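Take a look at the structure below.
Just follow the structure's listing: the first ligand is 1, and inside any ligand the first atom is 1. The basis for the numbers below is simple: all heavy atoms, side chains too, and nothing from hydrogens, waters or symmetry mates. Everything numeric in this text was worked out from a predicted model, so none of it was measured.
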Amino acid sequence: MFNKIDHLGIAVKDLKQALGFYQDVLGLEYLGTEVVEEQKVTVAMLAVGESKVELLEPTSEDSPIAKTIEKRGEGVAHVAFEVDDIEAALKKLKDSGVRLIDEVPRIGAGGVKIAFVHPRSTNGVLVELCEKH
Ligand code: ZN
């Protein structure tokens, strides 16, 4: 049901500065940038093998990512797993007593169906599920 780690979400204060490292120094392949209004973030995607790195810069002070940076500083914000069928995955987790942030998928960067699982159920990691596309 879980295929691979699709991407790591990394909270950054300054996307340009972060790209200077991940793109220019590490040489990861830049895939594009988009604003996800609903989550108040600007997202830059970079490819690394079969997985991706997602750099998340808040677009406003009340963005959830802004709050994450305020509380814990920059760093890994979430780990995203690719699943074939996100509704089936959510049902299975819910039936297993796992605490979900999103019981119904929402649309994330790239128009992909995503849902978050509460860190309290995942040993402290904010887990994102994203449907294969
Ligand atoms: Zn993500």
Side-chain angles (χ1 to χ4, degrees):
M1 186 154 77
F2 285 73
N3 298 331
K4 64 174 184 181
I5 292 181
D6 183 81
H7 65 268
L8 288 179
I10 300 176
V12 304
K13 289 180 187 164
D14 180 342
L15 205 48
K16 257 207 184 105
Q17 181 275 332
L19 282 170
F21 174 69
Y22 288 96
Q23 184 181 7
D24 301 339
V25 178
L26 295 193
L28 305 189
E29 183 196 352
Y30 176 71
L31 300 175
T33 298
E34 75 176 281
V35 175
V36 181
E37 294 288 354
E38 191 219 341
Q39 289 161 60
K40 296 180 180 167
V41 284
T42 305
V43 178
M45 281 288 192
L46 300 124
V48 49
E50 286 204 338
S51 300
K52 284 166 282 183
V53 169
E54 178 183 70
L55 302 175
L56 303 153
E57 180 195 66
T59 57
S60 76
E61 277 175 20
D62 62 341
S63 161
I65 287 294
K67 285 174 188 150
T68 300
I69 292 173
E70 201 176 293
K71 255 190 271 173
R72 304 200 309 254
E74 296 183 296
V76 173
H78 60 260
V79 177
F81 293 93
E82 182 193 273
V83 297
D84 290 318
D85 179 341
I86 197 164
E87 277 88 3
L90 286 171
K91 184 177 186 311
K92 190 190 170 187
L93 292 175
K94 197 179 175 189
D95 290 348
S96 307
V98 171
R99 188 162 155 195
L100 303 175
I101 293 173
D102 300 308
E103 300 216 347
V104 175
R106 48 173 136 155
I107 302 300
V112 179
K113 277 202 240 176
I114 65 163
F116 286 98
V117 181
H118 200 284
R120 207 160 280 176
S121 289
T122 60
N123 304 81
V125 179
L126 178 59
V127 167
E128 175 185 338
L129 308 181
C130 42
E131 190 164 83
K132 194 173 178 166
H133 54 284

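- Side-chain contact check for Asp85 versus Glu131: some heavy-atom pair is nearer than 4.5 Å.
- With contacts defined as side-chain heavy-atom distances shorter than 4.5 Å, the pair Glu82/Glu50 does not qualify.
- Listed by first then second residue, pairs satisfying salt bridge (charged side-chain N to carboxylate O under 4.0 Å, His left out) with a partner in residues 12-24 number zero, not counting sequence neighbours.
- Using a 4.5 Å cut-off on side-chain heavy atoms (C-beta onward), Leu19 and Val12 make no contact.
- Identified under the salt bridge (charged side-chain N to carboxylate O under 4.0 Å, His left out) test for residues 57-77, with sequence neighbours left out: Lys40-Asp62.
- Around the Zn ion (ligand 1), the protein N, O or S atoms closer than 2.8 Å are His7 NE2, Glu54 OE1, His78 NE2, Glu128 OE1, listed by chain and residue number.
- Counting only residues at least two apart or on different chains, the ring pair (Phe, Tyr, Trp, His ring centres under 6.0 Å) pairs with a member in residues 5-43 are His7-His78.
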